[in-house]
Number of protein chains: 2
Amino acid sequence: MSAAFASTPFAMRAALEAAERAAARGEVPVGAALVGPDRRLLAVDGNRVEEHRDPTAHAEMLVVRAAAQRLGRPRLTDCDLYVTLEPCPMCAHALCLARVRRLYYGAEDPKGGGVDHGPRVLNSPSCHHRVEVYGLIAEEAAAALLRDFFRARR
Amino acid sequence: MSAAFASTPFAMRAALEAAERAAARGEVPVGAALVGPDRRLLAVDGNRVEEHRDPTAHAEMLVVRAAAQRLGRPRLTDCDLYVTLEPCPMCAHALCLARVRRLYYGAEDPKGGGVDHGPRVLNSPSCHHRVEVYGLIAEEAAAALLRDFFRARR
């Protein structure tokens with residue numbers, strides 16, 4: 001982990017740890033954490049596409065679904081998502097549908113991202129809820145996890 | 001159902017019937033069917049957002065996940081999706097991630113769609129797989145289901 005890790009928000013630390021566990025399972029190391037209106041962690045998970053044999057089992061989707069289950073409602077009003085990588089278009093629009101308040105992400109994803117790259121779905125007229133976006137939180141630690149994972153596979 | 005219903009492809013008929021069942025459950029009436037490489041139905045389901053208390057439980061997501069489970073792999077190569085409404089950006093990108101071959105949809109969704117409206121995510125550089133798209137299949141029947149549902153709620 002980078003030297004900046006100690007000053008990382010607790011929910012992003014939880015997301016980074018979930019990403020490390022994903023890497024240990026052989027999954028692309030992305031982790032996410034959902035924080036409820038009372039600032040407690042509602043759900044933490046990492047990518048499980050291969051384990052679940054589910055193309056939609058990105059970390060963000062898993063924590064959105066788990067948090068909605070836990071709250072007993074399909075809308076995550078006043079909840080914030082922390083994720084180690086810029087969400088893809090699928091996950092970004094799921095945050096819109098779930099009415100998530102704020103998105104904090106780590107590393108940028110110029111090739112696959114859908115928030116500040118590609119279709120920028122949260123700025124599209126198809127997104128009927130405004131999600132506040134804060135990028136590059138603990139970016140170095142998040143990017144290092146991905147770099148190490150792909151380097152080891154080459 | 002419209003007079004054109006008899007000539008509707010069998011998978012779209014299955015999707016329309018799933019949409020009708022969704023309406024009967026009080027869900028927005030959208031249905032989807034996934035057809036495997038052998039042209040058999042792999043999965044059929046309707047929207048279950050309220051029932052599952054899951055903002056991601058759109059018909060398309062449910063059949064993509066069920067089909068991947070059934071095939072035992074996260075990629076739906078040579079599979080085709082039929083859905084009664086133009087997919088939203090979340091579902092559209094899920095089809096890209098799942099490597100679905102063809103998308104056939106019913107009614108257009110100018111306000112919430114993400115394929116031929118809004119962010120058009122399947123034409124974005126973030127989508128690294130080409131999904132063939134065929135819109136307006138059994139459009140009238142699909143649109144009538146939605147119209148009747150929202151009229152009854154007013």
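Order of the sequence lines sets the chain letters (A, B, ...), proteins ahead of strands, with each chain counted from 1.
- A/Val133 and A/Leu34 fall within the same hydrophobic cluster, defined by Ile, Leu, Val, Met, Phe, Trp and Tyr side-chain heavy atoms under 4.5 Å apart, directly or through other members.
- Closest approach of A/Arg53 to B/Gln69, counting heavy atoms only: O-NE2, 3.8 Å.
- With chain B as partner, the option from A/Leu97, A/Leu76, A/Leu95, A/Val49 having the largest number of non-hydrogen pairs under 4.5 angstrom is A/Leu97.
- Of the listed residues B/Pro125, B/Gly114, B/Cys127, B/Gly72, the one with more heavy-atom pairs under 4.5 angstrom with chain A than any other is B/Gly72.
- Side-chain contact between A/Thr56 and B/Val64 is present, with heavy atoms from C-beta onward closer than 4.5 Å.
- B/Arg75 touches chain A through its side chain: at least one heavy atom from C-beta onward sits under 4.5 Å away, while N, CA, C and O do not.
- The hydrophobic cluster containing B/Met12 does not contain B/Leu136, counting ILVMFWY residues as joined when their side-chain heavy atoms lie under 4.5 angstrom apart, directly or transitively.
- Smallest separation of non-hydrogen atoms from A/Pro55 and B/Ala98: CG-CB, 3.7 Å.
- If you chain together hydrophobic residues whose side chains sit under 4.5 Å apart, B/Tyr104 and B/Val83 never meet in one group.
- When the candidates B/Ala94, B/Cys96, B/Pro110 are compared by the number of heavy-atom contacts under 4.5 Å with chain A, B/Ala94 comes out ahead.
- With chain A as partner, the option from B/Ala68, B/Ala57, B/Pro89 having the largest number of non-hydrogen pairs under 4.5 angstrom is B/Pro89.
- Taking 4.5 Å as the limit, every side-chain heavy atom of B/Ser126 sits out of range of all side-chain heavy atoms of A/Lys111.
- Counting only heavy atoms from C-beta outward, the side chains of A/Arg120 and B/Pro119 never approach each other to under 4.5 Å.
- Following chains of ILVMFWY side-chain contacts shorter than 4.5 Å, one can reach A/Tyr105 starting from A/Val30, so the two form part of one hydrophobic cluster.
- The SG atom of A/Cys91 lies 8.0 Å from the NE2 atom of B/His93; values are rounded to the nearest 0.5 Å.
- The choice from B/Asp54, B/Val121, B/Asp109 that makes the most heavy-atom pairs within less than 4.5 Å of chain A is B/Asp54.
- Chain A forms the most heavy-atom pairs under 4.5 Å with one residue out of B/His117, B/Glu50, B/Arg99, and that residue is B/Glu50.
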side-chain contact (heavy atoms from CB on, under 4.5 Å) evaluation trace for B/Arg65 with A/His52: CA-CA 9 Å; B/Arg65 294 174 57 208; A/His52 287 187; over 6 Å; no
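- Linking Ile, Leu, Val, Met, Phe, Trp and Tyr residues whenever their side-chain heavy atoms come within less than 4.5 Å leaves B/Leu62 and B/Leu145 in two separate clusters.
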